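Predicted model only: the values in this text are computed from it and were never measured. FYI, side chains are in, hydrogens and waters are out, and symmetry mates aren't considered; it's all heavy atoms of this structure.
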Amino acid sequence: MKVLLRQVLINDPLSPFAGSVQDIIVDNGKISQIGNELADSHAKEYSHAGWQAMPGFVDSFAHFNDPGMEYRETIETGAAAAAAGGFTTVMVVPNTKPVIDTKSAVEYIVAKNTQLPARVLPLGAVTRQTDGKELAEMYDMFANGAIAFSDGIQPIQSAGLLVKALQYIKAIDAVLIQVPDDTSIAPHGLINEGIVSTRLGLPGKPMMGEELIVARDIKLARYADSKIHFTGVSSPKSIEYIRRAKDGGLNVTCSVTPYHLFFNDEDLLQYDTNLKVNPPLRRKEDMLLLRKAVLDGTVDCIATHHLPHNYDAKVLEFEYAKFGMIGLESAYAAVKTAIPELSDKQLTNLFSRNARTIFKLPAAKIALGQDIELTLVDPQASAVFSAADIRSKSRNSAFIGRELKGKIIGTLCGNRMQMNAGL
């Protein structure tokens with residue numbers, strides 16, 4: 001495959017061409033030429049006014065439900081959704097059937113990568129069956145392709161087990177990903193505890209449940225001298241703890257979801273089950289403080305928490321609806337719309353650079369001779385997000401019908417290319 005990208009702004013701080021508008025020729029999965037007025041009769045040419053080339057986006061927390069729940073999503077449809085959202089690498093949680101807690105389960109995911117438009121990397125389970133009782137064989141999984149470790153949507157509750165896991169992964173210099181949630185606090189909570197939960201008559205879930213786990217796990221990471229990454233952080237107090245840990249030199253990083261930056265609990269007044277997520281949407285003032293933490297760099301990266309559900313799991317009474325929302329296709333535009341002050345460099349760091357550093361992924365540098373892993377965006381385009389934009393097998397998105405700024409043009413990942421409609 002040979003491709004010519006005409007007059008694209010290179011948004012990559014590590015590139016020698018950073019900030020300049022160039023033509024890029026990609027030949028057999030590598031960048032062969034960068035310059036002006038390039039020509040190649042054998043290359044398929046693409047051009048788009050005002051577009052940018054960024055290092056391929058990385059999502060560190062998504063659920064593809066494969067194997068076992070393919071009626072919600074498959075690796076193939078998940079990868080297509082990822083590419084449509086600009087992601088060239090996606091790390092998938094282990095909460096499948098069977099759970100990704102063995103070498104063979106990891107190999108199943110890795111083997112699927114040959115024909116996918118985005119690279120899908122498995123997160124190995126920390127505990128067997130993600131039940132929080134006994135450590136899984138993390139070394140075997142790591143040796144066979146697990147990129148990091150997490151119990152995914154089942155937060156690890158035992159401090160003793162978690163510290164053992166942190167000590168275990170230190171030997172292989174891996175990262176443990178934790179959704180911070182003490183499930184013993186308000187276990188039946190449906191939305192954030194506060195004025196809105198009282199008005200709606202729904203059981204509340206206080207931020208304290210998140211903050212306790214963040215504070216505890218930072219202490220455990222310090223004791224083990226190991227790496228921990230908090231994902232789906234929603235509390236300003238959690239952010240404060242993480243900021244202090246970073247200032248203290250600990251290996252602590254974090255990510256937030258686009259929907260925690262875009263929505264708050266006031267958006268739940270119409271009982272939209274697509275907004276039933278965990279951790280829950282917080283108050284407006286908490287959302288605004290979360291945005292500030294993104295702007296000041298405390299938040300390292302964006303994680304979509306893409307969690308597909310079939311129609312029947314969401315279209316019913318709020319109490320019985322499942323937690324979770326899809327988010328791969330809307331992530332970039334949702335973040336740009338929520339925080340328009342973000343610079344191009346900050347967006348590159350949030351969607352690509354920082355995650356690549358944290359999880360030791362290839363840098364995806366836009367330079368001559370480099371393997372191609374690139375995302376093409378139009379940062380100024382505005383459009384109403386619709387069901388037609390969704391490549392996922394599921395449609396549980398609260399962004400449908402909302403006008404968002406920023407459009408994904410396409411992705412190139414090795415010899416695989418996906419361009420969205422209209423180019």
Side-chain angles (χ1 to χ4, degrees), residues 5 7-13 18-19 21 46-60 62 80-90 117-118 255-263 267 287-288 290-292 294-295 299 301-306 325-355 364 366 373-392 397-413 418-423:
L5 306 175
Q7 292 296 280
V8 57
L9 174 66
I10 297 177
N11 178 9
D12 176 10
V21 177
Y46 293 90
S47 64
H48 181 89
W51 65 351
Q52 293 184 5
M54 302 171 68
F57 291 177
V58 176
D59 184 13
S60 58
F87 293 91
T88 57
T89 298
V90 181
S255 54
V256 298
T257 74
Y259 54 74
H260 280 114
L261 298 173
F262 195 96
F263 297 106
D267 294 300
M287 177 194 71
L288 294 175
L290 207 60
R291 291 179 182 179
K292 287 185 179 180
V294 172
L295 282 166
V299 172
C301 43
I302 301 296
T304 68
H305 284 226
H306 177 83
M325 184 196 309
I326 61 170
L328 285 164
E329 296 97 333
S330 56
Y332 172 74
V335 173
K336 269 194 67 67
T337 304
I339 317 178
E341 310 95 303
L342 284 168
S343 67
D344 289 345
K345 181 178 179 180
Q346 285 174 307
L347 286 164
T348 299
N349 289 336
L350 284 166
F351 278 94
S352 179
R353 283 275 167 248
N354 291 345
I366 303 175
E373 195 172 339
L374 182 147
T375 299
L376 298 165
V377 305
D378 182 345
Q380 300 305 318
S382 293
V384 174
F385 186 74
S386 71
D389 297 311
I390 296 175
R391 299 292 179 269
S392 171
S397 171
F399 290 103
I400 293 174
R402 296 179 183 272
E403 184 169 357
L404 303 176
K405 184 174 183 179
K407 180 181 179 182
I408 300 297
I409 303 301
T411 59
L412 290 91
C413 183
Q418 180 166 306
M419 290 293 183
N420 290 336
L423 192 67

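- Residues L290 and H260 meet the side-chain proximity criterion, which asks for heavy atoms closer than 4.5 Å.
- Judged as a salt bridge (charged side-chain N to carboxylate O under 4.0 Å, His left out), and not counting sequence neighbours, D59 has no contacts.
- Scored by the side-chain hydrogen bond (donor to acceptor under 3.5 Å, both in side chains) test, D378 finds H48 as partners (sequence neighbours excluded).
- For the atom pair K345 NZ and L347 CG, the distance stands at 12.5 Å (nearest 0.5 Å).
- Residues meeting the side-chain hydrogen bond (donor to acceptor under 3.5 Å, both in side chains) test with N354, sequence neighbours left out: none.
- One finds the CD1 atom of I409 at 11.5 Å from the CG atom of L5 (value rounded to the nearest 0.5 Å).
- Side-chain rings of F399 and F262 approach one another, their centers coming within less than 6.0 Å.
- With sequence neighbours excluded, the residues that form a side-chain contact (heavy atoms from CB on, under 4.5 Å) with V21 are Q7, L9.
- Annotation: the span from R402 atom CZ to F385 atom CZ amounts to 12.0 Å, rounded to 0.5 Å.
- With a 4.5 Å cut-off on side-chain heavy atoms, T304 and V90 do not count as touching.
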Item checked: side-chain contact (heavy atoms from CB on, under 4.5 Å) between D12 and L374, worked out -> CA-CA 10 Å; D12 176 10; L374 182 147; over 6 Å; no
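- Every residue meeting the side-chain hydrogen bond (donor to acceptor under 3.5 Å, both in side chains) condition with K405, not counting sequence neighbours, appears here in chain and number order: Q380.
- Between F87 and F351, the angle of the ring planes lies from 30° to 60°, which puts this pair in the tilted group.
- Legend: residues meeting ring-ring contact (aromatic ring centres under 6.0 Å, His included) with H305, ordered by chain and number and at least two apart, are F61.
- Evaluation of the side-chain contact (heavy atoms from CB on, under 4.5 Å) rule for L295 yields I339, E341, L342, Q346 as partners, not counting sequence neighbours.
- Residues satisfying the side-chain contact (heavy atoms from CB on, under 4.5 Å) criterion with T411, sequence neighbours excluded, are A83, T88, T375, Q418.
- Remark: S352 pairs with P55, R356 by the side-chain contact (heavy atoms from CB on, under 4.5 Å) rule, at least two apart or across chains.
- For S386, the side-chain hydrogen bond (donor to acceptor under 3.5 Å, both in side chains) partners two or more places apart in sequence, or in a different chain, are D389.
- At a threshold of 4.5 Å between non-hydrogen side-chain atoms, the residues T89 and E373 count as touching.
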Identify all side-chain donor-acceptor contacts of residues 326-335 below 3.5 Å with residues at least two apart in sequence or on another chain.
unit_1: E329; atom_1: OE2; unit_2: R391; atom_2: N; d: 2.7
unit_1: E329; atom_1: OE2; unit_2: S392; atom_2: N; d: 2.9

